[in-house]
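Structure first, then comments.
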Amino acid sequence: MKIQWLIVLLFAVTGEIHAQIIPQQLYYARHNDDYTVSVRQIGAQDWTDLYEYNVKVDMDTRSDASMVQFDFAGKIEVQIQKNNGDVRSVDIRPLSKDIKPIVDGNFVLFTLDRPQKLSIEFNGDRLHNLHLFANAIVKDVPDKKDPKVMYFEAGYHEPDAQTKEFRIPSNTTVYLEGGAVLKGRLNCDSTENVKILETACC
């Protein structure tokens with residue numbers, strides 16, 4: 001079966017934004033359409049659409065919430081469209097960041113000039129919020145040719161069919177590129193000196 005990829009990548013003169021690469025086979029299975037989120041460099045004309053993941057929150061209710069993540073440098077604008085219902089109020093947490101959004105109908109706009117991990121809550125609803133992870137662009141990427149590096153490129157990865165896990169040996173750096181999806185656990189049993197790195201935290 002031929003796998004197609006959805007790739008969203010934008011470079012700008014004043015900075016850069018690296019959005020996720022999402023395997024087509026997972027695009028609809030993991031998507032949440034409560035919000036439409038896009039970003040752009042300050043002064044740029046075009047927006048970069050982000051992929052809105054569906055995530056579970058709250059141990060008691062197991063509610064569906066949304067999550068987006070991307071890497072950036074410089075100063076950017078974030079635009080969020082609420083697709084279900086009206087926007088009566090917006091809280092961007094932690095409140096100590098004092099991010100003041102502009103609200104226009106069902107659209108919310110605010111700017112960021114540094115990496116942030118935020119929760120955007122509409123109408124006081126904390127269980128169906130939007131988790132926004134705006135990360136710094138990773139500079140020190142391990143060499144994929146290094147024998148002590150286990151490098152997972154963007155795409156869908158399945159482990160050994162019998163063990164259903166990725167066995168990690170000692171003295172290994174595991175690196176997950178943005179858009180890498182692993183169907184199985186990382187087994188570090190009875191190992192030492194193992195590092196697990198990724199381009200974007202969630």
Take F166 and F152, measure what ring-ring contact (aromatic ring centres under 6.0 Å, His included) needs, and give me the verdict at the end. CA-CA 11 Å; F166 299 90; F152 292 94; 5.2 Å; yes

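- Partners of K145 by salt bridge (Lys or Arg N to Asp or Glu O under 4.0 Å), not counting sequence neighbours: none found.
- Between H31 and Y53, the distance from one ring center to the other does not fall under 6.0 angstrom.
- For the atom pair L186 CG and I196 CD1, the distance stands at 5.0 Å (nearest 0.5 Å).
- Between I168 and T191 there is no side-chain heavy-atom pair separated by less than 4.5 Å.
- A search for side-chain hydrogen bond (donor to acceptor under 3.5 Å, both in side chains) contacts involving T172 returns nothing, not counting sequence neighbours.
- To the nearest 0.5 angstrom, Q81 atom CD is 10.0 Å from E52 atom CD.
- Contact check for M150 versus P169: side-chain heavy atoms found under the 4.5 Å cut-off.
- If you take CG on N193 and NZ on K148, they are separated by 8.5 Å, rounding to the nearest 0.5 Å.
- Scanning for salt bridge (Lys or Arg N to Asp or Glu O under 4.0 Å) contacts around D146 gives an empty result, with sequence neighbours left out.
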Considering only distance and modelled atom types, tabulate donor-acceptor pairs under 3.5 Å from the side chains of residues 91-103, sequence neighbours left out.
{"residue": "R93", "atom": "NE", "partner": "E121", "partner atom": "OE1", "Å": "2.8"}
{"residue": "R93", "atom": "NE", "partner": "E121", "partner atom": "OE2", "Å": "3.3"}
{"residue": "D98", "atom": "OD1", "partner": "K100", "partner atom": "NZ", "Å": "3.1"}

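- Side-chain contact check for M67 versus L130: every heavy-atom pair is 4.5 Å or farther apart.
- Judged as a ring-ring contact (aromatic ring centres under 6.0 Å, His included), and not counting sequence neighbours, F110 has no contacts.
- Side-chain atoms of N135 come within 3.5 Å of backbone N or O of F70 as a donor-acceptor pair.
- Taking the salt bridge (Lys or Arg N to Asp or Glu O under 4.0 Å) definition, one finds that R185 meets it with E165, sequence neighbours left out.
- The structure places NE2 of H131 at 11.5 Å from CG of L118, a figure rounded to the nearest 0.5 Å.
- Between L176 and Y151, every side-chain heavy-atom pair lies at or beyond the 4.5 Å cut-off.
- Residue pairs meeting the side chain to side chain donor-acceptor pair (under 3.5 Å) criterion with at least one member in residues 55-65, sequence neighbours excluded, are N54-D64, K56-D64, D58-T61, T61-S63.
- A distance of 11.0 Å separates OG1 of T173 from CG of D143, quoted to the nearest 0.5 Å.
- Shortest non-hydrogen contact noted between N32 and S66 is CG-OG, 3.2 Å.
- Applying the side-chain hydrogen bond (donor to acceptor under 3.5 Å, both in side chains) rule to N84 yields the partners D34; only residues at least two apart in sequence or on another chain are considered.
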side-chain contact (heavy atoms from CB on, under 4.5 Å) between T36 and I80: does it pass, once the steps are laid out? CA-CA 6 Å; T36 300; I80 303 168; over 6 Å; no

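- Within the 4.5 Å cutoff, the side chain of I137 has heavy atoms near those of the E16 side chain.
- In this view, F107 satisfies the ring-ring contact (aromatic ring centres under 6.0 Å, His included) rule with no residue, not counting sequence neighbours.
- Between the side chain of R167 and the backbone N or O of D189, at least one donor-acceptor pair lies under 3.5 Å.
- Residues passing the salt bridge (Lys or Arg N to Asp or Glu O under 4.0 Å) test with K144, sequence neighbours excluded: E153.
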When you look at V39 and L50, which way does the side-chain contact (heavy atoms from CB on, under 4.5 Å) test go after all the steps? CA-CA 8 Å; V39 293; L50 301 179; 4.0 Å; yes

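- Of all heavy-atom pairs spanning V87 and G105, the tightest one is CB-O, 3.7 Å.
- Among residue pairs with one or both ends in residues 103-113, none qualify as side chain to side chain donor-acceptor pair (under 3.5 Å); sequence neighbours excluded.
- Counting heavy atoms from C-beta outward, Y51 and R30 have side chains that approach closer than 4.5 Å.
- Considering all non-hydrogen atoms of both residues, P142 and Y175 come closest at CD-CD1, 3.5 Å.
- Remark: D86 pairs with no residue by the side-chain hydrogen bond (donor to acceptor under 3.5 Å, both in side chains) rule, at least two apart or across chains.
- The side-chain heavy atoms of V90 and I120, taken from C-beta on, include a pair separated by under 4.5 Å.
- In this structure, the side chains of N187 and T163 stay at 4.5 Å or more apart for every pair of heavy atoms.
- To the nearest 0.5 Å, atom NZ of residue K164 and atom CD of residue Q162 are 10.5 Å apart.
- Shown here for G124 and S89, the closest heavy-atom pair between the two residues is N-OG, 3.8 Å.
- Under a 3.5 Å cut-off, the side chain of R40 and the backbone N or O of V78 do not form any donor-acceptor pair.
- Note: Y35 and F122 meet the aromatic proximity criterion, with ring centroids under 6.0 Å apart.
- With 3.5 Å as the limit, one finds a donor-acceptor pair spanning the side chains of N129 and S119.
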